[in-house]
**Student:** 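After the structure tokens below, expect a handful of questions from me.
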Amino acid sequence: MFENLIVLPIFNLLVFIYAILPGHNFGLALIIFTVVVRMLMWPLIRKQLHHAKAMRKLQPEIKKIKQATKGDRQKESMMLMQLYKEREVSPFSSLGVLAVQLVIFIGLYQGLIRVIEDPQALIVHSYSWIANLGWMQQLAADIGQFDATLFGLVDLSRSALGSGGLYIPALLLVIGSAATQYYQSKQLMPDDKNSRGLRQIMREASATGKQADQSEVQAATGRMMRYFIPVMIFVVTIGLASALALYWFTSGIVAYLQQSRILGQDKDELEELAHKDDKKNDKQNAKKQVIEGEVIQKPKTKNQKTKKTSKSKKRRKR
């Protein structure tokens, strides 16, 4: 089931791009494949990034709830769930994107391993309509025409660290993959000057005998993951074919650009909010001036009435 629904569609999309691409460079086909996949995931990614922005904006209110509940975990969780429901925010929205990325990576890995072990897999595992394309027919006649490199500079079938020793071009791709993942994570979790490390938080909690603030623990864990995930990617990809490192490196660059577009809209939103606040303040000031004018005028009307009544009384006496 995983083979038919995941591996073969991913593999055949890559092979199709490779077959119709002028020059038929496998490395360039892999880059285009990665960009296409990220574009297809754009609606899901956009939703996830908007949720990430919404969660960041909710942090002041979450802190207020934690201060108000004073350690009552049941009440705190109920108020937080109510807040998420009112703002239509899910704290687990990012898991969907991560799951999709993991599935694509596994499917691509299985497909690439077949090609690396035996280039004939390009023909054997292709859909019939792809296998009938002109370039695929040429490969079927002479599989030696297949060139598993990136412009002849990087052998995508080799790993950065393998039986042949250290392969520098692949190592550079692995380092680039880890670096793009780091900056991608950093972009989603901006630095907080008042933030504390997880060790410091737990040490203070044990010293005071109080339970550590879970929101602060989660934030500290998120900052640690900023370093842990790139290290994990480096360790995993250094022993795999550099084609996977190229995929991860390209995916990280595209993801960074996508995040920049969505998160950069914060400035526009802040400007809109500023304009709204200015208009609101102008309306309030205008209303205040009208009210003050009425208050000033009201005593005059009373005095005028009293003067009129006194004059009428004098006339009656006369």
Side-chain angles (χ1 to χ4, degrees), residues 10 13-14 17 27-62 84 87-105 108 150 172-195 218-234 236-237 243-277:
I10 290 174
L13 175 59
L14 174 60
I17 294 171
L28 180 58
L30 184 56
I31 291 173
I32 295 173
F33 165 83
T34 308
V35 174
V36 169
V37 168
R38 292 294 304 189
M39 290 300 105
L40 291 175
M41 290 174 59
W42 174 245
L44 184 61
I45 293 169
R46 186 176 181 181
K47 185 177 180 181
Q48 182 252 336
L49 291 175
H50 279 300
H51 274 85
K53 284 170 58 179
M55 285 298 296
R56 287 197 301 184
K57 291 178 181 178
L58 285 180
Q59 290 309 307
E61 295 186 46
I62 292 173
Y84 295 147
R87 301 299 177 85
E88 298 181 353
V89 173
S90 173
F92 307 106
S93 60
S94 61
L95 297 179
V97 177
L98 293 174
V100 172
Q101 286 181 308
L102 183 61
V103 168
I104 292 173
F105 184 79
L108 182 64
L150 175 62
L172 294 176
L173 284 176
V174 171
I175 294 172
S177 302
T180 53
Q181 182 61 47
Y182 168 76
Y183 285 108
Q184 182 185 342
S185 302
K186 185 179 180 181
Q187 194 178 36
L188 286 173
M189 293 180 291
D191 293 324
D192 185 1
K193 295 180 180 179
N194 299 322
S195 61
Q218 290 174 6
T221 305
R223 289 190 295 273
M224 287 178 61
M225 293 297 289
R226 182 192 304 177
Y227 301 98
F228 175 75
I229 294 177
V231 171
M232 183 185 68
I233 290 173
F234 181 88
V236 170
T237 56
L244 292 165
L246 176 61
Y247 164 77
W248 209 288
F249 176 63
T250 307
S251 180
I253 292 175
V254 178
Y256 184 85
L257 295 175
Q258 288 176 327
Q259 289 177 184
S260 298
R261 180 178 176 183
I262 294 296
L263 299 177
Q265 293 174 358
D266 284 336
K267 295 180 181 179
D268 298 333
E269 292 176 3
L270 289 172
E271 289 179 1
E272 289 179 6
L273 289 172
H275 287 309
K276 286 181 181 179
D277 290 338

**Student:** Do you know the tightest heavy-atom contact between V254 and V35?
**Tutor:**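 So the minimum-distance heavy-atom pair works out to CG2-CG2, 4.0 Å.
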**Student:** Restricting to non-hydrogen atoms, name the atom on S251 and the atom on R38 that form the minimum distance, rounded to 0.1 Å.
**Tutor:**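 For S251 versus R38, the nearest heavy atoms are OG-CD, 3.6 Å.
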**Student:** CD1 of I32 to CG of L14: how many Å apart, nearest 0.5 Å?
**Tutor:**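 If we round to the nearest 0.5 Å, I32:CD1 and L14:CG are 10.5 Å apart.
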**Student:** Any chance OH of Y183 has more than 12 other-residue heavy atoms, nucleotides or ligands included, within less than 6.0 Å?
**Tutor:**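 Not more than 12 within 6.0 Å, no.
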**Student:** For L244 and F105, run side chain to side chain contact (heavy atoms under 4.5 Å, CB included): C-alpha distance rounded to whole Å, both residues' side-chain angles, the deciding distance at 0.1 Å, then the answer.
**Tutor:** CA-CA 8 Å; L244 292 165; F105 184 79; 4.1 Å; yes
**Student:** So which heavy atom on Y247 is nearest to which on I104, and how close?
**Tutor:**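 That closest heavy-atom pairing would be OH-CG2, 3.4 Å.
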**Student:** Identify the two heavy atoms, one from I10 and one from V103, that lie closest to each other, and give their separation to 0.1 Å.
**Tutor:**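 Closest approach of I10 to V103, heavy atoms only: CD1-O, 4.4 Å.
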**Student:** Of all the heavy-atom pairs spanning S177 and A245, show the shortest one and how long it is.
**Tutor:**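 The answer is OG-O, 2.9 Å.
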**Student:** For M39 versus Q258, what's the shortest heavy-atom pair and its separation?
**Tutor:**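 Result for this residue pair: CE-NE2, 3.1 Å.
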**Student:** Rounded to the nearest 0.5 Å, what's the gap from CD1 on I31 to CG on L246? Could you check?
**Tutor:**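 If we round to the nearest 0.5 Å, I31:CD1 and L246:CG are 5.0 Å apart.
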**Student:** Which distance, rounded to the nearest 0.5 Å, do you find between the CD1 of I253 and the CD of Q181?
**Tutor:**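 Reported to 0.5 Å precision, the distance equals 12.5 Å.
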**Student:** Rounded at 0.5 Å granularity, tell me how far CZ in F249 sits from CG in L172.
**Tutor:**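 Here the interatomic distance stands at 9.5 Å.
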**Student:** Pick out which of Y227, F228, F234 makes a ring pair (Phe, Tyr, Trp, His ring centres under 6.0 Å) with Y182.
**Tutor:**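 With Y182 as partner, ring pair (Phe, Tyr, Trp, His ring centres under 6.0 Å) holds for just one option, Y227.
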**Student:** How about T250 and L30: do any of their side-chain heavy atoms sit closer than 4.5 Å?
**Tutor:**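 No - every pair of side-chain heavy atoms lies 4.5 Å or more apart.
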